[in-house]
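Single-structure report; data block below.
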Amino acid sequence: MWNRVEQTAREVFGTFGFGEIRPPIFEPTELFARAVGGETDIVSKEMYSFQDARGDLQEMREMIRNLVLPVVNETWTHASLDLLQKFQSRLGEAMRTGEVRQDEEDRRYYEYFSQGIAHYHLVLSGGIESNKLEIERTFRLLKLAAAGITLGPSVSLRPEATASVCRAYIENGMHAWPQPVKLYYMGPMFRRERPQKGRYRQFYQIGAEVLEMVPPNQDPAKNIGKDAAVDAEVIEMVMAFFGRLGLEGVKLEINSIGDRECRPKYVELLRAELMKVKDKLGPDSQRRIETNPLRVLDSKLESEQGIIAGLPRIADHLCGNCAGQYAEVKRQLGMRGVAYAENWRLVRGLDYYMRTTFEITARGLGSQNAVCGGGRYDGLVELLGGPPTKGIGFAIGEDRLILSLQEAGKGGVAQGRDVFVAWMGENAQATAIAAAQKLRAAGFRVELPPVEQKFRKALDQANRLGARYALILGDDEIATGQWTVKTLADGSQTKMSEAEFLEMLRKSL
Ligand code: HAM
């Protein structure tokens, strides 16, 4: 199933001129913080991040971390003090020479750590037996302070891949390639979420991005029609892919969330309106009035739905260019025969979007029913240090896509076989092996049982595997060179030579 889905994606995306890119599984945390946004749920709560630290400092810190407090006695306290002091002096030196880069927070932790050691000294000098509790407490604080210091750059398992594709566009000078650059990717993404049906901490996405450098002095208004056609074609491509797979209950929702000019004004208006009804909102939405009022529109809370329905809608506050582009996207989708519904509350949870946003849902998925999300992100490449560049793309949740196909009974027989070779007797095994080798070399899918089976049992298994033909090889067949071939669909049976069998297979499959 996974193979079929991925193979189909390659075929369909290939027909639209996309090539594959394989971004790395982890990247500097900073990349995601900048691209996706430090305030978003994805970056602030859901990333798996770690310090890429190594060397003696990291080793010492690990040893401190692993020191447990089983018995506080003379030997233990001296050994721990020794290790803590070594770490402190080595770290102090590394900070002075710039070997490890420190920010304000790191320096504070270092300060706590140094004060902690001074205190530890003092407590130990008062005698161990009478100070056991204080020794333990100080030691725990020292561990915490050590853990807080950054010893290496922070890296994160990728929560999504658009940021990486933009980074790759910049690093590989893709702006000098024929534009636009059309890329697709597939692979695992990681988000710290509460797992449930259709929501996992490691999940798979199939995504695509179209990137195009903006030539200097280009009048943005002039390109509205072109951008809209690109948006519509990208959406058309996902829909064609879902159509090819036979995905059921597919619903496409679209929206425009404006640009740098009109969105901030709308957000202020929305914030002001939300302030008026603040007391009637739940705690999450109340918080979002400050941090990101647009996300209030995402709320699923029953009690908030009536209030949200009365809020100002962005479609009424788009600037001329954004309104023009949105109208053109809808016209273009119409020309391509792509059915859609408008959803003014579709804002998406990543900061890089502007103008066109869209989401696609499918049947059989319960509450996690979004199988695809995407949108336009002009300016993201520039934000990451590249030239002014336009971008539009999407990502499909592959796990959810497969769940939906399976729920609809489109999982299909595991693999199917062209030929099941049923053999009996030692002579027959040699012929069966040779036959299987020839058939496989010719590209047919062949099942060759490792041990002989009674013919009835073999035919049962062939049926269960969904084989088209059973090739029956027993003493008779070997002696006469006339093989028995059974067509499993109708149970008919004929005899033929090896050459005739190969010829028949070639014609019928
Ligand atoms: P996203 O909406 O965060 O967008 O994710 C896209 C899709 O990935 C979702 O619609 C869903 O099907 C799937 N997905 C997300 N989280 C999970 C999870 N925890 N478990 C299973 N499936 C999940 C993005 O990631 C953007 N990078 C899409 C994009 C590309 N926009 C422009 N270009």
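Both ligands and their constituent atoms are indexed starting at 1 by order of listing.
Between the side chains of Thr162 and Tyr377, no donor-acceptor pair of N or O atoms lies under 3.5 Å. A side-chain N or O of Tyr204 and one of Gln202 form a donor-acceptor pair less than 3.5 Å apart. Checked by atom type, the side-chain pair Tyr185/Ser164 shows no donor-acceptor distance below 3.5 Å. A side-chain donor from one of Asp106 and Thr150 sits under 3.5 Å from a side-chain acceptor of the other. For the residue pair Gln205 and Arg158, no side-chain donor N or O sits within less than 3.5 Å of a side-chain acceptor on the partner. Side-chain N/O atoms of Thr291 and Glu39 include no donor and acceptor closer than 3.5 Å.
Proximity of Val371 to ligand 1, defined as any heavy-atom pair under 4.0 Å, is confined to the backbone N, CA, C and O atoms. Proximity of Tyr377 to ligand 1, defined as any heavy-atom pair under 4.0 Å, is confined to the side chain (atoms from C-beta onward). Residue contacts with ligand 1, taken as heavy atom pairs separated by less than 4.0 Å, do not involve Gln368 at all. Residue contacts with ligand 1, taken as heavy atom pairs separated by less than 4.0 Å, involve Arg348 solely via side-chain atoms from C-beta onward. For Phe358, no heavy-atom contact with ligand 1 is shorter than 4.0 Å. Residue contacts with ligand 1 for Arg199 involve both N, CA, C or O and side-chain atoms from C-beta outward (heavy atoms, distance under 4.0 Å).
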Going through the distances and angles, do Gln325 and Asp259 end up as a side-chain hydrogen bond (donor to acceptor under 3.5 Å, both in side chains)? CA-CA 11 Å; Gln325 146 126 12; Asp259 65 6; over 6 Å; no

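Looking only at side-chain heavy atoms (C-beta outward), Cys372 and Phe358 come within less than 4.5 Å of each other. Counting only heavy atoms from C-beta outward, the side chains of Leu247 and Ser404 approach each other to under 4.5 Å.
Ligand-side atoms of ligand 1 in range of Cys372: 10 (O), range being under 4.0 angstrom from any heavy atom. Annotation for ligand 1: atoms under 4.0 Å from non-hydrogen atoms of Glu160 are 25 (O), 26 (C), 27 (N). Those atoms of ligand 1 that come under 4.0 Å of a heavy atom in Ala370, given as number and element, are 10 (O), 11 (C), 12 (O). The atoms of ligand 1 that sit less than 4.0 Å from any heavy atom of Gly198 are 20 (N), 21 (C), 22 (N). Which parts of ligand 1 touch Tyr353 is read off a 4.0 Å heavy-atom cut-off, strictly below it: atoms 26 (C), 28 (C), 29 (C), 31 (N), 32 (C). Of all atoms in ligand 1, listed by their number and element, those nearer than 4.0 Å to a heavy atom of Gly373 are 10 (O), 28 (C), 29 (C). Listed by number with element, the atoms of ligand 1 under 4.0 angstrom from any heavy atom of Glu193 are 16 (N), 18 (C), 19 (N). Those atoms of ligand 1 that come under 4.0 Å of a heavy atom in Gly374, given as number and element, are 31 (N).
For atom 13 (C) of ligand 1, the closest non-hydrogen atom on the protein side is Gly397 CA, 3.6 Å. Ranking protein heavy atoms by distance to atom 20 (N) of ligand 1, first place goes to Tyr200 N, 3.0 Å. When only non-hydrogen protein atoms are considered, atom 33 (N) of ligand 1 lies nearest to Glu209 OE1, 2.8 Å. Given atom 7 (C) of ligand 1, the protein heavy atom at minimum distance is Ala395 O, 3.6 Å.
Of the candidates Phe394, Tyr204, Phe203, Tyr352, the one placing a heavy atom closest to atom 22 (N) of ligand 1 is Phe203. Distances from atom 8 (O) of ligand 1 to the heavy atoms of Arg376, Gln205, Lys197 put Gln205 nearest.
Taking a cutoff of 4.0 Å between a charged side-chain nitrogen and a carboxylate oxygen, Asp316 and Arg313 do not qualify as a salt bridge. A salt bridge links Glu273 to Lys276: at least one charged side-chain nitrogen sits closer than 4.0 Å to a carboxylate oxygen.
For the pair Arg10 and Tyr184, the NZ or CZ position fails the cation-pi test of under 6.0 Å to the six-membered ring centre and within 45 degrees of the ring normal.
Using a 4.0 angstrom heavy-atom cutoff, Thr162 counts as in contact with ligand 1.
Using a 30° and 60° split on the angle between ring planes, Phe394 and Phe13 fall in the perpendicular class, above 60°.
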